[in-house]
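A quick write-up on the structure given underneath.
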Amino acid sequence: MSSGTRRRVLPDFPWDSLAGAAAVARSHHDGVVDLSVGTPVDPVPDAVGEALRAAWDSPGYPQTWGTPALREAAVGALSRRHAAGLSATEGLDPDAVLPTIGSKELVAWLPTLLGLGPDDVVAFPHLAYPTYEVGARLAGTRTAVVADDEPLPEGTRLVWLNSPSNPTGRVLDAGRLTDRVAEARALGAVVASDECYLALPGPGVVTTSVLDPAVHGGDVSGLLAVHSLSKTSNLAGYRAGLVLGDPALVADLLQIRKHAGMIVPRPVQEAMTAALRDDEHVAATRARYDARRAVLRPALEAAGLRVEHSEAGLYLWATAGEPCRATVDRLAARGILVAPGEFYGPAGASHVRVALTASDERIAAAAARLGE
């Protein structure tokens with residue numbers, strides 16, 4: 001496929017279309033409050049930085065599979081933080097853990113790595129992270145956009161779940177996850193659960209991994225959970241992710257990634273290990289975002305926007321009952337930049353996604369501007 005053909009297959013990068021609104025927001029006399037992208041602004045935990053520095057002298061090739069210590073740390077973190085297990089009796093298997101170069105590359109390449117093609121369907125939520133569709137296009141598959149209560153179409157071979165959701169913050173309970181897993185298995189489809197926001201449930205909210213025995217009933221065949229340290233540990237700049245679940249699927253992914261050279265650098269692996277061993281900074285991150293949500297949500301509502309779902313994760317999903325670009329422009333005039341909901345599918349045409357990833361001072365500034 002030529003580069004020109006490849007460009008036609010892929011959609012335009014959505015954030016490029018925000019240039020005009022961004023320029024308006026930046027012109028505000030007190031500076032822009034950029035709530036358009038979920039990129040962390042808070043410090044990297046000290047222990048993580050120390051682990052990275054200690055591993056700086058790493059001249060040899062790292063292991064594609066990750067160090068045994070990293071895989072053990074991942075098992076421990078999921079077991080402690082989410083009560084997840086690969087079976088109802090045995091717990092998570094370190095051999096079924098694979099580090100990835102952030103989670104986005106895994107999302108984008110998973111259909112290709114699974115060998116899917118034109119006769120196969122990749123299904124994802126009707127409001128969804130755009131890279132699910134990009135991955136399907138790269139593999140040349142068909143796509144199916146399905147709401148959480150809609151059936152999967154025949155021919156589905158990969159089902160993306162995302163709870164808590166980007167962009168809506170909606171949480172699927174164990175019962176809904178169980179139903180979707182059963183439906184996918186009946187079609188012979190792999191279930192990939194994007195759980196990047198699982199450790200950010202919001203006050204009083206319970207989040208559930210697809211690897212929880214309450215969901216899979218002791219059988220993880222056909223299941224993959226995708227995790228990221230970008231949000232919970234402020235490691236977006238490190239490109240630190242994980243995929244784990246069905247040992248056979250993970251083994252297949254490992255072999256392909258070995259050949260393709262898709263390897264997390266050794267210093268980053270050491271930093272990931274430190275992050276996964278420490279729960280205190282995750283709790284602090286969760287509290288920080290809960291506090292920012294408590295400031296920003298009522299300010300949006302007082303300004304006439306209706307906030308839907310948004311009980312977990314890093315985003316507020318809001319609508320003013322008008323085309324999303326009109327809301328983007330109105331907020332940009334106040335120096336607040338947000339993402340138009342259409343980035344996440346046609347169902348978001350009247351919504352905007354408002355990220356909580358700004359400093360406390362900038363969140364307070366946004367709330368004050370909304371009250372003007």
How close do [X] and [Y] get, counting heavy atoms only, and between which atoms?
X      : Y      : value
Val191 : Ala184 : CG2-CB, 3.4 Å
Pro45  : His281 : CG-CD2, 3.5 Å
Ala55  : Pro267 : O-CG, 3.3 Å
Val44  : Gly49  : CG1-N, 4.1 Å
Ala275 : Leu229 : CB-CD2, 3.6 Å
Ala332 : Val24  : O-CG1, 3.6 Å

Are the side chain of [X] and the backbone N or O of [Y] linked by a donor-acceptor pair below 3.5 Å?
X      : Y      : result
Arg297 : Val307 : yes
Ser228 : Ser230 : yes
Gln269 : Val264 : yes
Arg157 : Leu187 : yes
Thr156 : Pro153 : yes
Thr232 : Val282 : no
Ser310 : Trp317 : yes

Neighbour count >12 (heavy atoms, 6.0 Å) for atom CD, Glu361: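 Check passes, neighbour count above 12.
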
Check salt bridge (Lys or Arg N to Asp or Glu O under 4.0 Å) between [X] and all other residues, then give those that pass, not counting sequence neighbours.
X      : answer
Glu270 : Arg266
Arg170 : Asp148
Glu183 : Arg180
Arg369 : Asp30

With side-chain contact (heavy atoms from CB on, under 4.5 Å) as the test, pick out the partner of [X] among [options].
X      : options                        : answer
Leu106 : Val226, Ile101, Leu242, Leu224 : Val226
Val97  : Val75, Leu70, Val243           : Val75
Leu200 : Arg288, Arg293, Lys231         : Lys231

Set of residues satisfying side chain to side chain contact (heavy atoms under 4.5 Å, CB included) with respect to [X], sequence neighbours excluded:
X      : answer
Arg277 : Ala69, Ala73, Thr273
Ala51  : Ala274
Asp179 : Arg176
Ala23  : Arg26

Would you mind reporting whether [Y] and [X] have side-chain heavy atoms less than 4.5 Å apart?
X      : Y      : result
His28  : Val33  : no
His309 : Ser165 : no
Val250 : Asp95  : no
Val328 : Ser36  : no
Thr357 : Tyr315 : no
Val354 : Ile336 : no
Phe343 : Ser17  : yes
Leu98  : Trp65  : yes

Selection residues 329-356 - residue pairs positive for side-chain hydrogen bond (donor to acceptor under 3.5 Å, both in side chains), sequence neighbours left out: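 Residue pairs with at least one partner in residues 329-356: Asn166-Arg353, Glu308-His351, Glu322-Arg330, Arg325-Glu342, Tyr344-Arg353.
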
Pairs where residues 40-63 contributes a residue and the test side-chain hydrogen bond (donor to acceptor under 3.5 Å, both in side chains) is met, not counting sequence neighbours: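 For residues 40-63: Asp42-Arg292.
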
With hydrophobic residues grouped by side-chain heavy-atom distances under 4.5 Å, do [X] and [Y] end up in a single group?
X      : Y      : answer
Leu158 : Leu172 : yes
Val121 : Val146 : no
Val206 : Tyr197 : no
Leu316 : Leu370 : yes
Leu356 : Leu305 : yes

Less than 3.5 Å apart, which donor and acceptor atoms pair up between the side chains of residues 111-120 and the rest of the protein, not counting sequence neighbours?
from, atom 1, to, atom 2, distance (Å)
Asp120, OD2, Gly117, N, 2.9

Candidate pair Leu110 and Leu253, rule side-chain contact (heavy atoms from CB on, under 4.5 Å), full reasoning: CA-CA 9 Å; Leu110 185 60; Leu253 296 177; 3.9 Å; yes

side-chain contact (heavy atoms from CB on, under 4.5 Å) evaluation trace for Val48 with Leu52: CA-CA 6 Å; Val48 176; Leu52 184 76; 5.8 Å; no

Measure the [atom1]-[atom2] distance between [X] and [Y] for me, rounded to the nearest 0.5 Å.
X      : Y      : atom1 : atom2 : result
Leu276 : Arg71  : CG    : CZ    : 13.0 Å
Leu35  : Leu314 : CG    : CG    : 12.0 Å
Leu244 : Leu249 : CG    : CG    : 11.5 Å
Ile363 : Tyr289 : CD1   : OH    : 9.5 Å

Pair Leu254-Thr64, side-chain contact (heavy atoms from CB on, under 4.5 Å): steps then yes or no: CA-CA 7 Å; Leu254 172 61; Thr64 307; 3.9 Å; yes

Test log, rule side-chain contact (heavy atoms from CB on, under 4.5 Å), inputs Val268 and Arg239: CA-CA 8 Å; Val268 175; Arg239 308 315 302 133; over 6 Å; no

Given His82, His216, His227, Glu195, the one that forms side chain to side chain donor-acceptor pair (under 3.5 Å) with Ser209: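 The option that passes is Glu195.
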
Side-chain donor/acceptor pairs under 3.5 Å, residues 124-132, sequence neighbours excluded:
from, atom 1, to, atom 2, distance (Å)
Tyr132, OH, Asp194, OD2, 2.7

